[in-house]
**Q** 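Starting off with a structure, shown below.
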Amino acid sequence: MCRPGNVTLAVLLTSLIVLCGCQDLVPEDTRSILFSGFKRSEIIGLVAGFGTTFAAVPDLIAMFRRRSSAGMNPRMAAIMCVFQILWVYYGLLIASRPVIVWNVIAVLVNFLSVGAHFYFVRKEREVAGIK
């Protein structure tokens, strides 16, 4: 009777052998047909970065329309801003245009969100007569 540890080891070794023969199956990062100055991975990175960067914009717009800080957590935006600065640095290290561009924009969006939050909190306190 086979023990579970032996079966797992056999599956892992077989998988490793199969994967070693798959080096030719890795897709090459070719130049984009539409934008010859960019690699295909950069185009995908730009599209993906657009979605994740502007995910916070609807909340920012809603805050401006309400003219209120209600429902906004400035800590989350500030923490994201700090880590997006690290992403910008990482993008510089690996020379990735999409990582750099979208994270610089995201830092600005989050900075604007935190600034707007504190602006509306101050306005709300002035209206309420609280210092």
Side-chain angles (χ1 to χ4, degrees):
M1 185 165 183
C2 291
R3 293 182 9 210
N6 290 342
V7 172
T8 304
L9 184 61
V11 169
L12 286 174
L13 286 175
T14 306
S15 300
L16 183 62
I17 292 169
V18 170
L19 287 175
C20 287
C22 295
Q23 290 131 354
D24 294 334
L25 298 177
V26 175
E28 293 181 26
D29 193 12
T30 59
R31 295 271 174 217
S32 172
I33 295 171
L34 298 174
F35 305 104
S36 60
F38 290 99
K39 292 181 180 178
R40 190 174 295 162
S41 63
E42 290 178 320
I43 300 295
I44 292 170
L46 287 168
V47 172
F50 176 82
T52 56
T53 297
F54 289 106
V57 171
D59 288 336
L60 180 61
I61 291 171
M63 186 170 41
F64 280 125
R65 285 186 181 161
R66 283 191 313 264
R67 298 190 185 283
S68 169
S69 63
M72 199 277 190
N73 184 349
R75 277 185 231 116
M76 183 205 65
I79 290 168
M80 285 189 60
C81 189
V82 168
F83 285 103
Q84 285 163 334
I85 290 170
L86 290 176
W87 274 106
V88 170
Y89 181 66
Y90 175 70
L92 292 169
L93 290 175
I94 65 170
S96 174
R97 287 183 269 197
V99 172
I100 296 167
V101 168
W102 290 124
N103 283 291
V104 165
I105 294 170
V107 166
L108 295 174
V109 167
N110 284 317
F111 183 76
L112 186 60
S113 293
V114 171
H117 173 79
F118 287 119
Y119 173 80
F120 288 125
V121 165
R122 187 171 46 95
K123 289 292 182 186
E124 290 164 2
R125 286 184 178 169
E126 286 175 2
V127 169
I130 304 170
K131 287 190 176 188

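Starting from 1, each residue takes its place in the sequence as its number.
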**Q** Do L108 and F118 sit in the same hydrophobic cluster, where Ile, Leu, Val, Met, Phe, Trp and Tyr count as joined when their side-chain heavy atoms come under 4.5 Å apart?
**A** no

**Q** Treat each ILVMFWY residue as a node, draw an edge where side-chain heavy atoms are under 4.5 Å apart, and state whether V101 and W87 are in one component.
**A** no

**Q** Quick one: closest heavy-atom pair of A78 and V114, and the distance?
**A** N-CG2, 3.8 Å

**Q** Among the clusters formed by ILVMFWY side chains lying less than 4.5 Å apart, do L86 and L93 turn up in the same one?
**A** no

**Q** Nearest 0.5 Å, what's the CE-OG distance between M72 and S113?
**A** 4.5 Å

**Q** For the CD1 atom of I100 and the CD1 atom of I105, what is their distance to the nearest 0.5 Å?
**A** 12.0 Å

**Q** Could you measure the distance from the OH atom of Y119 to the OG atom of S69? Nearest 0.5 Å is fine.
**A** 12.5 Å

**Q** What are the two closest heavy atoms between A70 and E124, and how far apart are they?
**A** N-OE2, 4.4 Å

**Q** Can you establish whether the number of heavy atoms outside F83 located under 6.0 Å from its atom CZ is more than 12?
**A** no

**Q** Do V82 and F111 belong to the same hydrophobic cluster, where Ile, Leu, Val, Met, Phe, Trp and Tyr are linked whenever their side-chain heavy atoms lie under 4.5 Å apart, directly or via other members?
**A** no

**Q** To the nearest 0.5 Å, what is the distance between CG (N103) and CD1 (I85)?
**A** 10.0 Å

**Q** Who pairs with R67 by salt bridge (charged side-chain N to carboxylate O under 4.0 Å, His left out), at least two apart in sequence or on another chain?
**A** none

**Q** Using every non-hydrogen atom in the two residues, find where N110 and A77 come nearest and quote the distance to one decimal.
**A** CB-O, 3.6 Å

**Q** Could you tell me how the ring of F54 sits relative to the ring of F50: parallel (under 30°), tilted (30 to 60°) or perpendicular (over 60°)?
**A** tilted

**Q** Between T53 (side chain) and W102 (backbone), is there a donor-acceptor pair under 3.5 Å?
**A** yes

**Q** For the CG atom of N73 and the CD1 atom of I79, what is their distance to the nearest 0.5 Å?
**A** 8.0 Å

**Q** Linking I/L/V/M/F/W/Y whenever any side-chain heavy atoms sit under 4.5 Å apart, do L92 and V104 land together?
**A** yes

